[in-house]
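First up is the structure itself, then whatever we jot down about it.
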Amino acid sequence: MASSIVIRRNQRNIRCFGRTLVTYTHHHLSSLLNPSSSVFPSNEMLTRVSDGLIPQSKPVVPLIGQRYGALSLYNRYLCTKPETPKLKNLIDEAGKSKENGGETDDSSSQQQQQQTDQNAGKSVRGAPVSWLSFFLLLVTGGGVLYYFEQEKKRHIEGIHKASTAVQQGPSAGKANIGGEFKLVNQDGKYVTDTDFKGKWNLIYFGFTHCPDICPDELIKLAAAIDKIKEKSGYEIVPIFISVDPERDTVEQVGEYVKEFHPKIIGLTGTVDEVKKAARAYRVYYMKTEEEGSDYLVDHSIIMYLMNPEMEFTKYFGKNENVDSLTDGIIHEVKMYSQSKSLFARLFNL
């Protein structure tokens with residue numbers, strides 16, 4: 001209330017000051033054009049001042065001269081009105097409010113602080129987001145992101161497992177692996193597939209100049225057949241067939257297999273004889289990095305377990321270790337023996 005009164009008074013004073021300047025300038029110019037005229041206030045103005053209608057005030061600049069004193073009178077005449085009781089009361093109230101301003105400000109600030117404390121933690125009606133809704137939004141968003149990250153990892157792992165795992169397909173009969181072959185053993189004698197019937201055979205294809213893979217696989221094969229003998233008493237015949245007939249002679253193959261196990265049988269032959277045996281067992285091999293007589297042979301890294309009828313039973317890859325190879329062969333031999341026994345009982349053989 002007091003501030004609005006002060007603002008209105010200031011606005012009125014500005015308007016009055018403008019009117020004062022305009023009126024005084026007009027009278028001053030008139031006195032210059034007509035020296036007989038005066039720039040002093042008229043008798044009407046002086047009568048209002050003498051009657052007390054205009055409050056007396058000190059001259060703005062008492063030593064400036066009569067002209068500026070006249071300017072002060074013009075201002076008082078144009079801009080001052082007699083004080084009414086209502087206006088006087090408003091002015092007094094404004095003064096009291098100004099004197100008690102410190103106490104009023106303190107009480108209002110205390111009330112505002114109390115209201116703020118009461119409303120702390122409460123959501124303002126109509127506000128777009130409260131602290132509780134913001135917290136729930138963060139929790140929900142974090143949960144959704146975590147869920148999708150887990151689903152993404154699970155999906156990637158499923159794809160990886162499906163691409164690396166060897167799945168067992170539906171059985172449609174025996175695998176077409178194995179067949180007739182005619183090769184030369186380390187003693188220089190020709191042997192055929194029929195010479196190995198009556199015993200379990202474990203066949204591996206490789207070459208004597210192999211730098212690392214073939215030696216590792218033959219060491220594993222030799223350790224497995226000894227372990228099988230110890231655990232179950234089964235006799236397994238290990239066979240090594242060369243896929244490098246151009247360099248692997250009978251003597252070289254014989255010396256090579258003796259380095260790993262005395263029971264390993266080494267076989268080689270001509271290019272066509274080796275090719276026929278490899279084709280029967282679905283073995284891939286090819287020369288690589290050939291530099292004159294020095295080259296490597298890329299080939300399948302598989303061991304074939306053949307039953308006493310020289311029929312394919314199971315293959316074991318490079319990922320097998322000695323224990324898994326031993327247990328796998330023992331299991332297959334047992335299953336074969338059980339099936340043979342059941343067949344014999346059914347038909348009284």
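Using a 4.5 Å heavy-atom cutoff, the side chains of Tyr315 and Leu305 are not in contact. The shortest distance between side-chain heavy atoms of Pro211 and Leu296 falls below 4.5 Å. Within the 4.5 Å cutoff, side-chain heavy atoms of His209 are placed close to those of Gln252. Side-chain contact between Val297 and Met286: absent, with no pair of heavy atoms (C-beta onward) separated by less than 4.5 Å. Within the 4.5 Å cutoff, side-chain heavy atoms of Met310 are placed close to those of Phe181. With contacts defined as side-chain heavy-atom distances shorter than 4.5 Å, the pair Lys231/Ile330 qualifies. Between Tyr234 and Lys334 there is a side-chain heavy-atom pair separated by less than 4.5 Å. The shortest side-chain heavy-atom distance between Met303 and Lys318 does not fall under the 4.5 Å cut-off.
Under the 4.5 Å side-chain heavy-atom criterion for grouping Ile, Leu, Val, Met, Phe, Trp and Tyr, Val237 is not connected to Leu218 through any hydrophobic cluster. Hydrophobic clustering (side-chain heavy atoms under 4.5 Å, transitive across Ile, Leu, Val, Met, Phe, Trp, Tyr) groups Leu221 together with Phe260. Under a hydrophobic-cluster definition in which Ile, Leu, Val, Met, Phe, Trp and Tyr are linked whenever side-chain heavy atoms come within less than 4.5 Å, directly or via other members, Tyr336 and Leu325 are assigned to the same cluster. Met335 and Ile236 end up in different hydrophobic clusters when Ile, Leu, Val, Met, Phe, Trp and Tyr side chains are linked at under 4.5 Å. Note on Ile265 and Ile219: separate hydrophobic clusters, where clusters join Ile, Leu, Val, Met, Phe, Trp and Tyr whose side-chain heavy atoms are under 4.5 Å apart, directly or indirectly.
Interatomic distance, CD1 of Ile225 versus CD1 of Ile264, reported as 6.0 Å (0.5 Å rounding). Note that NZ of Lys276 and CG of Leu183 are 9.5 Å apart. Values are rounded to the nearest 0.5 Å. The structure places CD of Glu217 at 6.5 Å from CD1 of Ile301, a figure rounded to the nearest 0.5 Å.
We find that Glu230 and Lys227 are not joined by a salt bridge, their nearest charged nitrogen and carboxylate oxygen being 4.0 Å or further apart. Residues Lys197 and Glu309 are not paired through a salt bridge, judged by the lack of any N-O separation under 4.0 Å between the basic side chain and the carboxylate.
Counting non-hydrogen atoms of neighbouring residues, nucleotides and ligands closer than 6.0 angstrom, the NZ atom of Lys182 reaches no more than 12 such neighbours. The number of heavy atoms from other shown groups lying within 6.0 Å of CD (Glu259) is above 12.
Of the residues Ile203, Val253, Leu267, Leu202, the one that meets the side-chain contact (heavy atoms from CB on, under 4.5 Å) test with Phe240 is Val253. Tested against Met306 for a side-chain contact (heavy atoms from CB on, under 4.5 Å), the candidates Phe312, Trp200, Phe196 yield a single pass: Phe312.
A donor-acceptor pair under 3.5 Å links the side-chain atoms of Glu273 to the main chain of Thr270, judged by distance alone. Gln186 places a side-chain N or O within 3.5 Å of a backbone atom of Gly266 that can act as its donor or acceptor partner. With Ser300 contributing its side chain and Val283 its backbone, the two residues share no donor-acceptor pair below 3.5 Å. Proximity of a side-chain donor or acceptor of Ser242 to a complementary backbone N or O of Asp244 within less than 3.5 Å is detected. At distances below 3.5 Å, at least one donor-acceptor pair connects side-chain atoms of Asn185 with backbone N or O atoms of Asp187. Tyr304 places a side-chain N or O within 3.5 Å of a backbone atom of Tyr281 that can act as its donor or acceptor partner. Looking only at distances, no side-chain donor or acceptor of Asp216 sits under 3.5 Å from a matching main-chain atom of Ile213.
Contact record, Pro245 with Val271: CG-CA, 3.8 Å, taken as the closest heavy-atom pair. The two residues Ala224 and Thr326 have their closest heavy-atom pair at CA-OG1, 3.6 Å.
In this view, Asn321 and Ser324 satisfy the side chain to side chain donor-acceptor pair (under 3.5 Å) rule, not counting sequence neighbours. Applying the ring pair (Phe, Tyr, Trp, His ring centres under 6.0 Å) test to Phe316 and every residue at least two apart in sequence or in another chain returns nothing. Residues satisfying the side-chain contact (heavy atoms from CB on, under 4.5 Å) test with Lys275, not counting sequence neighbours, are Arg279, Tyr285. For Asp298, the salt bridge (Lys or Arg N to Asp or Glu O under 4.0 Å) criterion is met by no residue, not counting sequence neighbours. Looking at residues two or more places apart in sequence or on another chain, you find no salt bridge (Lys or Arg N to Asp or Glu O under 4.0 Å) involving Lys258.
Other members of the cluster containing Tyr190 are Val184, Val250, with ILVMFWY side chains joined at under 4.5 Å, either directly or via other members.
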Take Glu246 and Phe207 through the test side chain to side chain contact (heavy atoms under 4.5 Å, CB included) and record every step on the way to the result. CA-CA 10 Å; Glu246 296 178 2; Phe207 64 108; over 6 Å; no

Given salt bridge (charged side-chain N to carboxylate O under 4.0 Å, His left out), test Lys220 with Glu320 step by step and report yes or no. CA-CA 9 Å; Lys220 181 170 62 177; Glu320 301 285 347; over 6 Å; no

I would like to know whether Thr208 and Asp248 meet side-chain hydrogen bond (donor to acceptor under 3.5 Å, both in side chains); could you show each step before the answer? CA-CA 7 Å; Thr208 61; Asp248 288 346; 2.3 Å; yes

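Taking the six-membered ring for Trp and the full ring otherwise, Phe205 and His299 have centroids separated by 6.0 Å or more.
Between the side chains of Glu251 and Tyr256, no donor-acceptor pair of N or O atoms lies under 3.5 Å. Residues Asp226 and His261 have side chains that bring a donor and an acceptor to within less than 3.5 angstrom of each other.
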